[in-house]
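Notes follow once the structure below has been shown.
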2 protein chains.
Amino acid sequence: MTYVLEILGDKWSFLIIRDMLFRGCCRYKHFIESDEGVATNILANRLKKLTQHGLITQCKDPENGRQKLYHLTDKGLDLIPSILQLVKWSGHHDPHSVLSEKIMHYLDDRFDEAVDIVKQQYLQACDHEQVSAECHPFN
Amino acid sequence: MTYVLEILGDKWSFLIIRDMLFRGCCRYKHFIESDEGVATNILANRLKKLTQHGLITQCKDPENGRQKLYHLTDKGLDLIPSILQLVKWSGHHDPHSVLSEKIMHYLDDRFDEAVDIVKQQYLQACDHEQVSAECHPFN
DNA sequence: TCTAATACTTGCAAAATGAAAGTAATTCCA
DNA sequence: TGGAATTACTTTCATTTTGCAAGTATTAGA
């Protein structure tokens with residue numbers, strides 16, 4: 001477990017992965033525009049670190065050379081169960097949680113299915129390179 | 001998910017909970033003696049924070065008034081699935097992982113059972129106030 | 001009552017973070 | 001073709017957090 005904490009042992013790394021999964025973030029400016037407000041230097045640092053550890057990849061946007069695209073690797077996608085468990089815990093214990101009962105039941109009763117759904121939706125969103133302005137229901 | 005990161009968004013908090021679950025740590029000196037080497041001020045700070053957020057409780061050791069006992073609350077125990085998913089991910093992707101194949105199969109195939117086992121073992125260890133020198137197999 | 005043990009707190013240097021401004025590469029548009 | 005705008009960073013510097021070492025308070029035991 002020390003291994004995962006070396007890589008993700010700070011809140012920004014987790015939030016970057018969450019934003020990729022649940023909001024379809026795949027460009028620098030998407031992350032910058034995200035709610036929590038990362039500093040640009042921290043974001044660059046974390047994207048580099050996550051890339052070095054093989055959780056995400058970087059490539060030039062073939063349609064716009066001044067943009068880069070960030071995507072989760074299989075190793076990164078493998079974090080979905082961990083992240084959904086954290087989402088679930090937050091949903092149960094955060095007094096200000098905004099998760100619907102429906103979603104919570106889903107996470108409680110059909111966890112593995114939820115993992116698949118998140119993964120499939122992410123892969124689809126990557127294909128269409130769509131970024132949703134509003135959040136994914138699991139966020 | 002912001003909620004859990006507010007509380008556990010640094011590696012020490014996670015490691016403290018892990019040490020409680022898998023090594024039966026329940027006293028200040030246990031945490032200090034633990035492998036990773038927390039600084040005493042950081043440990044005190046995190047124990048306070050975790051207590052304020054209701055993940056652990058502090059009480060005087062009835063048998064030794066100069067010691068305090070730290071125990072996980074239900075809210076803290078509820079983190080077992082999250083932590084085991086992180087352990088599982090580390091087991092799969094850490095090139096230097098020391099987890100046995102048996103344990104990995106357990107986590108892969110009978111996750112919910114593993115969660116129960118960890119919880120029951122923790123509660124038992126609390127009753128007997130035993131701290132294991134060697135690690136819990138899931139560590 | 002003196003000493004040891006335990007659980008902290010304090011002080012200070014070093015590292016990490018955050019905000020603001022600057023830079024480099026690319027594209028858009030006149 | 002050349003200047004402005006976009007995007008993805010980097011740099012600088014003040015503030016915060018961390019980590020180490022040393023000190024303190026309370027309790028236990030001889």
Side-chain angles (χ1 to χ4, degrees), chain A residues 2 5-20 23-53 55-72 129-131 133, chain B residues 2 5-20 23-53 55-72 129-131 133:
Chain A
T2 320
L5 293 181
E6 257 169 54
I7 305 175
L8 296 171
D10 77 296
K11 71 170 192 165
W12 292 121
S13 308
F14 265 112
L15 286 175
I16 287 170
I17 306 239
R18 186 207 59 177
D19 281 347
M20 296 180 82
R23 316 192 75 153
C25 290
C26 56
R27 290 161 211 272
Y28 198 85
K29 65 168 184 170
H30 294 157
F31 296 111
I32 293 292
E33 288 162 359
S34 186
D35 287 342
E36 277 84 6
V38 217
T40 59
N41 53 349
I42 305 293
L43 177 58
N45 177 290
R46 294 303 189 280
L47 288 172
K48 192 172 159 190
K49 191 173 172 185
L50 290 173
T51 305
Q52 285 171 344
H53 282 100
L55 276 72
I56 64 176
T57 54
Q58 310 189 10
C59 63
K60 256 195 179 179
D61 182 347
E63 288 163 12
N64 185 340
R66 69 191 155 186
Q67 295 199 355
K68 263 191 194 173
L69 295 175
Y70 300 93
H71 290 298
L72 288 166
E129 283 183 37
Q130 69 193 190
V131 179
Chain B
T2 320
L5 294 181
E6 257 170 52
I7 305 175
L8 296 172
D10 77 295
K11 71 170 194 165
W12 292 120
S13 307
F14 265 111
L15 286 175
I16 287 170
I17 306 237
R18 186 206 59 174
D19 281 347
M20 295 179 83
R23 314 192 74 153
C25 290
C26 57
R27 291 161 210 271
Y28 198 84
K29 65 168 183 170
H30 294 157
F31 296 111
I32 292 293
E33 289 162 358
S34 186
D35 287 343
E36 278 83 5
V38 216
T40 58
N41 53 349
I42 304 292
L43 177 59
N45 177 290
R46 294 305 189 280
L47 288 172
K48 193 172 159 190
K49 190 173 174 186
L50 291 173
T51 305
Q52 285 171 346
H53 283 101
L55 276 73
I56 64 176
T57 53
Q58 309 190 7
C59 64
K60 255 196 180 179
D61 182 346
E63 287 163 13
N64 185 340
R66 70 192 156 185
Q67 295 198 356
K68 265 191 193 174
L69 294 175
Y70 300 93
H71 290 297
L72 288 166
E129 281 181 37
Q130 67 194 190
V131 179

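All chains are named by letter (A, B, ...) in the order of the sequence lines, taking the proteins before the strands, and each is independently numbered beginning at 1. As the structure is a prediction and not an experimental result, all values here were calculated from the model.
Distance A:I32 CD1 to D:dT7 P: 12 Å, rounded to the nearest Å. Taking atom CZ of B:F31 as the reference point, atom C1' of C:dT6 lies 14 Å away to the nearest angstrom. The CG atom of B:L43 sits 15 Å away from the P atom of C:dT6 (whole-angstrom rounding). Atom CD of A:Q67 is separated from atom P of C:dT26 by 13 Å (rounded to the nearest Å). One atom, CG of A:D61, and another, P of C:dT26, lie 13 Å apart when rounded to the nearest Å. Distance A:L69 CG to D:dT7 P: 13 Å, rounded to the nearest Å. Here D:dT6 presents its C1' atom at 8 Å from NZ of A:K29, a figure rounded to the nearest Å. If you measure from atom CG of B:L5 to atom P of C:dT17, you get 14 Å, rounded to the nearest angstrom.
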Discussion item. Could you go through A:V38 and A:R46, starting from their C-alpha distance and side-chain angles, then the distance that decides it, and tell me whether this counts as side chain to side chain contact (heavy atoms under 4.5 Å, CB included)?
Written reply: CA-CA 10 Å; A:V38 217; A:R46 294 303 189 280; over 6 Å; no
Worksheet entry | Per-nucleotide protein contact string for nucleotides 19-28 of chain D, where B marks a base within reach and S marks sugar-phosphate only (heavy atoms under 4.0 Å, - for neither) | BBBB----BS
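Classification of B:D10 and B:K49 as a salt-bridged pair fails, no side-chain N sitting under 4.0 Å from a carboxylate O.
Scanning both residues, A:K11 and B:L5, for their nearest heavy atoms gives O-CD1, 4.0 Å. The nearest pair of heavy atoms linking B:K68 to B:Q58 is NZ-OE1, 2.9 Å. When all heavy atoms of A:Y28 and A:T40 are compared, the closest pair comes out as OH-O, 2.8 Å.
When the salt bridge (Lys or Arg N to Asp or Glu O under 4.0 Å) test is applied to A:E33, no partner is found at least two apart in sequence or on another chain.
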